[in-house]
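Below is one structure, written out as structure tokens; the observations come after it.
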Amino acid sequence: MKITPEIEKKCDELMGQYPKKKSAAMMMMHLIQEKCGYFDDEAILFVAGKLGVEPIEIYGMLTFYPMFTQKPRGRIHIKVCRTLSCALAGSVEFGRELAEKLNCPVGSTSGIYTIEFVECLGNCAKAANVQVNDRLFEGVSREGVEDFITKIKTLDASGDLEPKSAFDKPQGGIDVNSPAYKG
Ligand code: FES
């Protein structure tokens, strides 16, 4: 993994948005995840060094939050909700069927696909839910797995599954140098 000068510059900008640089930890980690795809030792040491904390603190966050990973994921990241509403609507069976059809066991990466079971995606009323990169698919079912695969392949071919960057635009947040900031 290579932390580029652009990534480092963005990290410096993020740290500038908080009264204490340590407070930028989560945003920096989201940035590294988005730009590098995963965390290796270099990335952990980089973030820790920037924030002035021990690497174990970054490692702790990395292993606690499921959106961060230590392994590269496939280009198409499929998250199948297995929490109650979705499980009752058949999401687990859907996930297993999908894994078999794509030849990619749940919890692993195979070719362009990564499939995971995840907890609630916050759309329980439309269970069962599956998120593919940034897109949410509602009301999926085991019987519809073939159609689902066709749909994601079509969306991928047209570029419509491309993840959107959270960082390639001007950042909001607090300007601590602004006279309006009272912190
Ligand atoms: S239980 Fe699946 S979205 Fe909430």
Side-chain angles (χ1 to χ4, degrees), residues 14 17-18 23-40 43-44 47 57-169 171-173:
L14 288 171
Q17 292 177 359
Y18 295 89
S23 303
M26 281 299 281
M27 291 301 287
M28 276 179 63
M29 291 184 71
H30 277 294
L31 175 72
I32 301 287
Q33 179 66 52
E34 180 186 299
K35 299 299 179 193
C36 302
Y38 69 105
F39 284 79
D40 61 6
I44 294 171
V47 176
E57 291 188 54
I58 303 305
Y59 185 75
M61 293 170 68
L62 170 59
T63 52
F64 180 79
Y65 293 105
M67 60 277 201
F68 304 131
T69 179
Q70 292 175 269
K71 287 185 194 163
R73 290 178 175 136
R75 186 163 53 74
I76 299 181
H77 183 198
I78 302 173
K79 295 188 268 189
V80 182
C81 176
R82 65 172 170 197
T83 308
L84 190 61
S85 298
C86 289
L88 289 173
S91 67
V92 174
E93 293 76 12
F94 171 88
R96 288 184 182 142
E97 183 82 10
L98 181 69
E100 195 177 314
K101 292 260 190 291
L102 292 179
N103 200 19
C104 176
V106 176
S108 74
T109 296
S110 176
I112 62 172
Y113 299 104
T114 295
I115 304 178
E116 292 177 325
F117 282 133
V118 298
E119 303 310 327
C120 185
L121 291 169
N123 194 44
C124 319
K126 303 278 177 67
N129 292 289
V130 176
Q131 186 176 332
V132 183
N133 292 349
D134 294 335
R135 291 181 83 112
L136 187 66
F137 295 81
E138 304 170 339
V140 300
S141 68
R142 181 180 186 169
E143 298 69 41
V145 163
E146 293 280 8
D147 288 346
F148 176 83
I149 292 172
T150 303
K151 193 166 195 171
I152 61 172
K153 283 184 175 172
T154 304
L155 288 168
D156 183 44
S158 60
D160 289 334
L161 280 184
E162 197 68 30
K164 292 176 186 54
S165 171
F167 294 94
D168 294 344
K169 57 182 189 274
Q171 293 291 298

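For ligands, and for the atoms within them, numbers begin at 1 and follow the listed sequence.
A salt bridge is absent between K151 and D160; no separation between the charged side-chain nitrogens and carboxylate oxygens falls under 4.0 Å.
Between N123 and L136, some side-chain heavy-atom pair lies under the 4.5 Å cut-off. At a threshold of 4.5 Å between non-hydrogen side-chain atoms, the residues T69 and Q33 count as touching.
Nearest heavy atom pair, residue A128 against residue A89, reads N-CB, 3.7 Å.
No option in I149, V106, V130, V140 other than I149 meets the side chain to side chain contact (heavy atoms under 4.5 Å, CB included) test with L98.
With waters left out, the protein N, O or S atoms under 2.8 Å from atom 4 (Fe) of ligand 1 add up to 2.
Taking the six-membered ring for Trp and the full ring otherwise, the centers of F68 and H30 sit less than 6.0 Å from each other.
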